[in-house]
S.K.: 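After the structure tokens below, expect a handful of questions from me.
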Amino acid sequence: MTGLRGLPSVDALLQTQQAGELVASFGRPLALQAVRASLDEVRAAPPKSMPGTDALLERAKDLLLEWTAPSLVPVINATGVILHTNLGRAPMSRAAIQAMQAVSLGYSNLEYDLERGQRGSRLVHAERLLQRLTGAEAALVVNNNAAAVLLALTALARRKSVLIARTQLIEIGGGFRIPDVMKQSGARLVEIGATNRVHLADYADAIVEESPRLLLRAHRSNFRIVGFTAEPSLGEMVQVAHAHGLPLLDDLGSGTLIDTARYGLPHEPTIAESLAAGADLVCFSGDKLLGGPQAGILVGRKDLITKLKKHPLARAVRADKLCLAALSATLLHYLKDEAEAEIPIWRMMAARPEALKERAQAWANTLGQGQVVPALSTVGGGSLPEETLPTFVLALEMASPNRVLERLRRLALPVIARLEADKVYFDPRTVLAEQDAALVEAVRQVL
Ligand SMILES: *Cc1c(COP(=O)(O)O)cnc(C)c1O
């Protein structure tokens with residue numbers, strides 16, 4: 001153990017030029033911790049030959065890089081899944097990013113009424129745009145759609161019954177299950193009908209027997225029921241609800257302001273349709289087909305929205321200034337009829353197969369390998385279950401595709417690709433145009 005005595009002291013190490021650089025980059029307290037940790041490692045398990053000053057400081061630097069490496073980083077999404085929940089759902093428009101920057105580099109009028117020079121409400125910021133876009137009397141933005149459902153059920157039906165069809169007892173993933181959310185809200189869940197079929201009469205009977213406060217309809221975001229099935233239309237449900245003076249909440253999940261049929265996809269229910277059918281409240285996510293920040297948006301009757309706004313839970317699930325800024329900028333794209341040009345997910349949705357083929361071909365040409373083959377992109381994100389868009393991908397055939405996928409994930413700018421038919425597929429649809437060069441460089445590095 002005599003060798004340990006030969007170790008330089010912390011002070012001696014700190015006087016070196018290398019240590020000076022570590023202090024300059026990482027600050028003195030953290031650099032000091034790293035130098036101590038480096039020495040402690042050697043003392044805890046002394047190696048045969050004692051490390052010198054250089055080796056000890058090299059180790060300290062590695063520790064500093066490890067401790068300060070960001071955990072949340074950008075990635076290139078080459079999976080072809082447009083709304084990939086694990087990859088942060090919707091990428092945002094430039095205007096949305098700029099709006100967030102504008103209100104967060106300094107102060108903002110988040111809750112300040114500039115005209116009157118006194119306290120205002122953060123709730124006004126996106127509401128005006130939502131009213132104009134949807135024609136709804138009122139709107140409320142909260143943290144996410146799960147919170148929107150929870151708030152609506154709590155404020156409108158706590159300790160009372162809520163009717164929902166058995167065909168709609170959904171689990172979205174990430175722990176969002178309608179029955180669990182209802183339990184949290186304190187509302188009593190009354191299941192209507194059978195797993196495959198529910199009829200208007202089921203609602204009418206349950207209204208008489210259970211005296212509910214609310215009817216809930218939930219969009220089957222991530223699955224389909226096929227075969228011998230039946231469900232009343234939203235309009236029919238609304239009629240039954242209103243005949244008994246009851247409100248109906250329509251949880252659209254994704255919800256969209258643009259008709260997806262434009263892109264050869266099946267029709268995803270739009271917010272306007274729900275309101276037109278008479279839903280009293282409609283709720284949807286900000287970062288699914290809306291293509292904005294994480295948010296839960298409620299639109300509908302003013303008296304109900306006012307009740308929600310006043311509920312104590314609204315304070316706990318409120319949207320922050322970044323969300324409100326980005327959401328307003330996103331909504332403005334729709335208002336100005338420029339969503340397809342400005343909102344990334346709609347640009348991806350609208351990308352034509354020929355254009356995608358050209359990009360995949362350009363990647364293959366630059367790399368000098370791989371084939372361009374037809375494949376399918378998906379929308380994802382709890383919308384349009386199992387629906388696909390025709391695309392062309394760069395396909396690389398290799399001995400160990402899983403190792404290549406892993407190496408791609410470990411890059412400083414990680415690339416997430418997908419494995420299909422033992423090949424690694426890179427789908428240009430979800431790769432932002434400005435990432436083309438980075439993607440090609442990444443693939444070149446791992447090959
Ligand atoms: C996605 C989804 C939710 C949850 O929305 P978040 O914004 O992720 O909280 C709720 N209901 C339905 C029907 C959904 O599809």
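Both ligands and their constituent atoms are indexed starting at 1 by order of listing.
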S.K.: Rounded at 0.5 Å granularity, tell me how far CE in M349 sits from CZ in R429.
M.R.: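 Here the rounded value is 9.0 Å.
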S.K.: Give the contacting part of I170 toward ligand 1: side chain, backbone, both or neither, where contact means a heavy-atom distance below 4.0 Å.
M.R.: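 The answer is the side chain.
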S.K.: List every atom of ligand 1 that sits less than 4.0 Å from any heavy atom of F176, numbering the atoms from 1 in the order shown and giving each element.
M.R.: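 This gives 10 (C), 11 (N) as the contact atoms.
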S.K.: Is there a polar contact, in the sense of an N or O pair closer than 3.5 Å, between R89 and ligand 1?
M.R.: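 Checking ligand 1 against R89, an N or O pair does fall under 3.5 Å apart.
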S.K.: Any heavy atom of V149 closer to ligand 1 than 4.0 angstrom?
M.R.: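 Outside the 4.0 Å threshold, so no.
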S.K.: In this structure, which one of D250, V299, T256, I297 forms a side chain to side chain contact (heavy atoms under 4.5 Å, CB included) with I271?
M.R.: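 The passing option is V299.
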S.K.: Counting heavy atoms only, name the option from S285, G286, A148 that's nearest to atom 7 (O) of ligand 1.
M.R.: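 The residue whose heavy atom sits nearest atom 7 (O) of ligand 1 is S285.
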S.K.: Would you call V142 and L150 a side-chain contact if the rule is heavy atoms closer than 4.5 Å?
M.R.: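 A side-chain contact under 4.5 Å is absent here.
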S.K.: Using a 4.0 Å cutoff against the non-hydrogen atoms of H219, which atoms of ligand 1 qualify?
M.R.: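 Listed by number with element: 13 (C).
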S.K.: Taking 4.0 angstrom as the limit and counting only heavy atoms of A146, give me the atoms of ligand 1 inside it, by number and element.
M.R.: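 Answer for ligand 1: 4 (C), 5 (O), 6 (P), 9 (O).
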S.K.: At less than 4.0 angstrom from any non-hydrogen atom of K288, what atoms of ligand 1 do you find?
M.R.: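 So the answer, numbered in order with elements, is 1 (C), 2 (C), 3 (C), 5 (O), 14 (C), 15 (O).
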S.K.: Rounded to the nearest 0.5 Å, what separates atom CE in M92 from atom CD1 in I343?
M.R.: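 Going from the CE atom of M92 to the CD1 atom of I343 covers 11.5 Å.
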S.K.: If you apply the rule salt bridge (Lys or Arg N to Asp or Glu O under 4.0 Å), what do you find for K336 with E342, and how did you get there?
M.R.: CA-CA 10 Å; K336 290 159 74 177; E342 299 296 332; over 6 Å; no
S.K.: Looking only at distances, please establish whether an N/O atom of ligand 1 is found under 3.5 Å from an N/O atom of D287.
M.R.: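 No; the residue has no nitrogen or oxygen that sits under 3.5 Å from a nitrogen or oxygen of the ligand.
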S.K.: Of all the heavy-atom pairs spanning T430 and T79, show the shortest one and how long it is.
M.R.: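 Distance-wise, the nearest heavy atoms are OG1-N, 3.8 Å.
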S.K.: Side chains of M348 and P91, heavy atoms from C-beta outward: is any pair under 4.5 Å?
M.R.: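 Yes; the side chains approach each other to less than 4.5 Å.
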